[in-house]
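Notes to accompany the following structure.
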2 protein chains.
Amino acid sequence: MNDEPRWLTAEEQLVWRSYIEAATLLEDHLDRQLQRDAGMPHVYYGLLVKLAESPRRRLRMTELAKYAKITRSRLSHAVARLEKNGWVRREDCPSDKRGQFAILTDEGYEVLRRTAPGHVNAVRQAVFDRLTPEQQKSLGEIMRIVAEGLQPSEAGADLPWLR
Amino acid sequence: MNDEPRWLTAEEQLVWRSYIEAATLLEDHLDRQLQRDAGMPHVYYGLLVKLAESPRRRLRMTELAKYAKITRSRLSHAVARLEKNGWVRREDCPSDKRGQFAILTDEGYEVLRRTAPGHVNAVRQAVFDRLTPEQQKSLGEIMRIVAEGLQPSEAGADLPWLR
DNA sequence: ACGTAGAGATTGAGAGTTCAAGTATTGGAG
DNA sequence: CTCCAATACTTGAACTCTCAATCTCTACGT
């Protein structure tokens, strides 16, 4: 056992600071853009997108939460809000009485159709237009690795000491 | 003028999704870690760090907000909370009666000293330990570029059409 | 069948964030 | 010197997120 913490090197610190700054500024920027143009924060927009991509434009709450990487609680509140806007509606799951579907309404789809171009544009301007193809590829790989490391233990991947 | 939006290609979409997922999971993870071990969210922790690094452990509110990439309003609320914890105190600026200094207290410094190792460890585990040196370097460059593009127009960098 | 651990989802309270509006002070222009 | 636009910071309300508690329903061992 070694109690001495492994501090970040000077280079690592610079990398970490850049990451924090960019992530903060970017999320802020997109939140504002979407709040202004679509009347909702970035996360909520992401929820509508996931629904739009799903068969019959619907998803079980837990599934949606999993895809969006947010807690069920957070999702419940979010869907309640989106429901008030008329962009999502809920429906009971026939096969499991505990279950709920979140369903994208036509109105919700319309909002997406109207605001997607502006959002894509914002993302392009902030990220893709500034990076070389190699950097884009690299970013993808890096973030995929980080994301995988943080997934709440997937099937079979957990409890490895019990094998 | 071309009205047709430049949608993201399939590859770009994958990169973007990976980014969003990793950023969401990571911020969540660090928020929980710090909330548990230090009793404050990640952003607040960052504020204490900036203060600790500053001469006489103090910074004007606006400066601190700028370094942390958050709004002055958000900072006001945050410092109010940290002040209640006894980790930060405010002091009037002698040269500008409108100004306020945020100052890290000894108690605040102590919290940092006690919790920094655990936090560094969390960051290592989630990010640096999973990336090759090349990937780390690449991540730094990429995020620096993105951050620069989003800085609220720096001195001389704005209004380029007037040059 | 029956009981119960666990899954699916919601709720409410407290904490944090945003946005717009407010107060106080400063630095010039005239 | 006077005025006033701009700067520094705060405030309150509305909104969002977290955490723990709750409720219903399912699955399954006995």
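Protein chains get the first letters and strands the later ones, always in sequence-line order, with residue 1 at the start of each. All figures in this text were calculated on a predicted structure; none of them were measured in a lab.
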Using the closest heavy atom to pick a nucleotide of DNA chain D for each, name whichever of Ser76(B) or Met40(A) lands nearer the 5' end.
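The residue closer to the strand's 5' end, by nearest nucleotide, is Ser76(B).
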B/S/- contact track for nucleotides 17-25 of chain D, protein heavy atom under 4.0 Å
SBB----BB
Shared hydrophobic cluster, Leu34(A) / Leu150(B) (ILVMFWY, side-chain heavy atoms < 4.5 Å)
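Not linked; separate clusters.
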Find out if a path of hydrophobic residues (ILVMFWY) with successive side-chain heavy-atom gaps under 4.5 Å connects Val49(A) to Ile103(A).
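No; tracing contacts between hydrophobic side chains, which count when under 4.5 Å, never links both residues.
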Relative to each other, are the rings of Tyr19(A) and Trp16(A) parallel, tilted or perpendicular (30° and 60° limits)?
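Aromatic pair Tyr19(A)/Trp16(A) classed parallel.
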Any side-chain heavy atom of [X] sitting closer than 4.5 Å to one from [Y]?
X         : Y         : result
Val15(B)  : Gln135(A) : no
Met143(A) : Ile20(B)  : no
Leu47(B)  : Tyr67(B)  : no
Val123(A) : His119(A) : yes

Arg89(A) side chain to Ala102(A) main-chain N or O, any donor-acceptor pair under 3.5 Å?
no
Picking from Val111(B), Asp31(B), Asn85(B), what satisfies side chain to side chain contact (heavy atoms under 4.5 Å, CB included) with Met40(B)?
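Of Val111(B), Asp31(B), Asn85(B), side chain to side chain contact (heavy atoms under 4.5 Å, CB included) with Met40(B) is met by Val111(B) alone.
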Compute whether any side-chain donor of one residue and acceptor of the other, for Glu107(B) and Thr105(B), lie under 3.5 angstrom apart.
no
Which stems does DNA chain D form, counting runs of 3 or more consecutive Watson-Crick or G-U wobble pairs with both distances under 3.5 Å?
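Consecutive-pair runs (3 or more) involving DNA chain D: C:1-30 with D:1-30.
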How about NZ on Lys137(B), more than 12 heavy atoms from neighbouring residues, nucleotides or ligands closer than 6.0 Å, or not?
no
Using a 4.0 Å heavy-atom cut-off across all strands, classify Arg90(B) as base, sugar-phosphate, or nothing.
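Sugar-phosphate contact only - Arg90(B) comes under 4.0 Å of backbone atoms but never of a base.
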Where does the chain B footprint on DNA chain C start and end, counting 5' to 3' with a 4.0 Å heavy-atom cut-off?
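The contacted stretch runs from dG16(C) to dT26(C).
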Please identify each residue that fulfils side-chain contact (heavy atoms from CB on, under 4.5 Å) with Glu110(A), with sequence neighbours left out.
Arg113(A)
Rounding to an integer number of Å, can you tell me how far Gln100(B) CD sits from dT7(D) C1'?
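It is 14 Å, rounded to the nearest whole Å.
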Sequence-distant partners of Glu27(B), salt bridge (charged side-chain N to carboxylate O under 4.0 Å, His left out), two or more places apart:
none
Give me the residues of residues 49-65 of chain B where at least one heavy atom lies under 4.0 Å from an atom of DNA chain D, by number, or none.
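Result for residues 49-65 of chain B: Arg60(B), Met61(B), Thr62(B), sorted by number.
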